Amino acid sequence: MKYFLTTARTLLSAGLLIAAILPVQGQVNKMPAYPLITHNTYFSIWSNTDQLNGSVTHHWTGKDQSLLGILRVDKQFYRFMGEASPTFKTLLAAGDEGGYTTKYKMEENPGADWAKPAFDDAGWQTGEGPFGDQRAKTGTSWTGKDIWIRRKFNLTELPQGRLMLKLYHDDDAEVFFNGQRVSRQRGSNGDYEMIVLSEEAKGRLQVGENLLALHCRNTGGGSWIDAGLSEEIPSHTQTGVTPAEQTSVNVSATQTTYGFHCGPVDLEVCFTSPLILSDLDLLSMPVSYITYKVKSNDGVQHEV
């Protein structure tokens, strides 16, 4: 045992010594999200994927704040930043798109079959959505613990694209199509969010009358529940545009720098938010910079 403790102390000391002599790294190349424009809370755009052209760029809250970067080399187009924002066709409007009237019940559990189309909701109240606290400009006030909602709607045809649940919940939410649960979300998401539903969930819908049923439990703080359905419409705006090959990314205190292969040309893109605390004039300017460098990688001149 004495030998083990001595060895452990020796290894710990050696580890501390190695850590002390290792150089401090001023840059990183792997992050949960990458800062592009980060001047302040409101003027803030991030890439949420390791590849800059792997997704739409976002505000730090998750809202789309789309930056799209395309480089033309000779007659070929390369997309190095962002993606085209998706477009949606509304199948069932949520409360932010206009009011709707539906059946609801608060606090008292309605029983096991409440989400099924054949359930008798004649004794339920009728109200206008959305349902929640003082954040609602229109709708029905709900500040209790539980609410159950049954909303009937009709479809003349089934969606062909991806089915999206447009959901704003505070807190835990369950969503049902025609008696089958298709989504369960924990906590509060703070705003409307597009959630991709599975093909199995989409298969629960039918031509004619359908039932969207919601249960929300308020676990503390604010209360809110609202939902709608949309179909994602495929975009053809990027036809003929090739994704650039990302070769590097480095993040430092004030800059995020990417490298790309765009066919016969190499591209460097640098995002700079000059938040220098010792320069108050510069710090107070609501300005961020995007700079570009290109060079041929095949020794031939190109039109860029």
Side-chain angles (χ1 to χ4, degrees), residues 28-72 76-91 93-94 96-97 159-169 183 185 188-199 201-202 226-251 255-262 267-273 286-292:
V28 294
N29 55 17
K30 192 76 171 179
M31 301 181 68
Y34 297 82
L36 305 179
I37 295 173
T38 55
H39 203 86
N40 58 42
T41 305
Y42 305 100
F43 189 21
S44 178
I45 303 177
W46 296 68
S47 173
N48 290 355
T49 48
D50 291 328
Q51 307 297 314
L52 182 58
N53 56 8
S55 68
V56 177
T57 55
H58 297 87
H59 189 258
W60 67 267
T61 58
K63 285 283 191 178
D64 287 2
Q65 296 283 358
S66 180
L67 295 176
L68 192 63
I70 294 177
L71 188 75
R72 187 182 69 184
Q76 179 63 47
F77 295 88
Y78 297 89
R79 174 172 51 81
F80 61 87
M81 176 167 55
E83 280 189 328
S85 295
T87 56
F88 303 101
K89 173 186 175 182
T90 298
L91 303 177
D96 64 331
E97 301 173 71
Q160 300 301 310
R162 291 201 301 177
L163 182 63
M164 313 295 292
L165 172 66
K166 185 177 181 179
L167 183 64
Y168 186 173
H169 61 96
S183 181
Q185 304 294 324
S188 171
N189 62 352
D191 205 345
Y192 291 96
E193 176 184 7
M194 286 294 192
I195 300 170
V196 181
L197 294 178
S198 67
E199 288 297 312
K202 187 165 71 170
D226 189 26
L229 295 176
S230 296
E231 177 184 0
E232 184 176 1
I233 305 301
S235 173
H236 301 290
T237 60
Q238 301 269 331
T239 302
V241 178
T242 302
E245 178 190 353
Q246 184 173 306
T247 57
S248 64
V249 58
N250 286 293
V251 181
Q255 294 182 320
T256 300
T257 305
Y258 290 89
F260 299 93
H261 283 320
C262 300
L267 168 68
E268 180 183 287
V269 183
C270 183
F271 299 85
T272 303
S273 292
V287 176
S288 288
Y289 301 88
I290 307 176
T291 56
Y292 306 87

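Quantities reported herein were computed from a predicted structural model and do not represent experimental measurements.
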For the side chain of [X] and the backbone of [Y], is there at least one donor-acceptor N/O pair under 3.5 Å apart?
X      : Y      : result
Trp60  : Thr41  : yes
Ser198 : Ala201 : yes
Thr57  : Ile45  : no
Glu231 : Gln160 : yes
Glu232 : Met164 : no
Tyr168 : Gly190 : yes

> Is a side-chain donor-acceptor pair under 3.5 Å present for Asp226 with Tyr192?
Replying inline: yes
> Looking only at side chains, do Gln255 and Thr272 share a donor and an acceptor under 3.5 Å apart?
Replying inline: yes
Shortest non-hydrogen contact from [X] to [Y]?
X      : Y      : answer
Tyr78  : Ala244 : CB-CB, 4.3 Å
Leu36  : Trp46  : CD1-C, 4.1 Å
Val196 : Arg162 : CG2-NH1, 3.7 Å
Thr242 : Gln76  : OG1-NE2, 3.0 Å
Ser288 : Ser273 : OG-OG, 2.8 Å
Asn189 : Leu167 : ND2-O, 2.9 Å

Rounded to the nearest 0.5 Å, what separates atom [atom1] in [X] from atom [atom2] in [Y]?
X      : Y      : atom1 : atom2 : answer
Leu229 : Met194 : CG    : CE    : 9.5 Å
Lys166 : Ile195 : NZ    : CD1   : 12.5 Å
Phe80  : Glu245 : CZ    : CD    : 15.5 Å
Gln185 : Leu165 : CD    : CG    : 7.5 Å
Met81  : Gln51  : CE    : CD    : 14.5 Å
Tyr292 : Leu267 : OH    : CG    : 8.5 Å

> Would Ser230 and Thr90 satisfy side-chain contact (heavy atoms from CB on, under 4.5 Å), going step by step from the backbone distance to the final call?
Replying inline: CA-CA 4 Å; Ser230 296; Thr90 298; 4.3 Å; yes
> Looking at side-chain heavy atoms only, is the closest gap between Thr257 and Val269 below 4.5 Å?
Replying inline: no
> Quick one: side chain to side chain contact (heavy atoms under 4.5 Å, CB included) partners of Glu83, sequence neighbours excluded?
Replying inline: Val56, Arg79
> Residues in side chain to side chain contact (heavy atoms under 4.5 Å, CB included) with Thr49, at least two apart?
Replying inline: Ser47, Ser55
>> Please identify which of these residues, Thr256, Asn250, Asp50, meets the side chain to side chain donor-acceptor pair (under 3.5 Å) condition with Tyr34.
In response: Asp50
> Once the angle between the rings of Phe260 and Tyr258 is folded into 0 to 90°, is it parallel (under 30°), tilted (30 to 60°) or perpendicular (over 60°)?
Replying inline: parallel
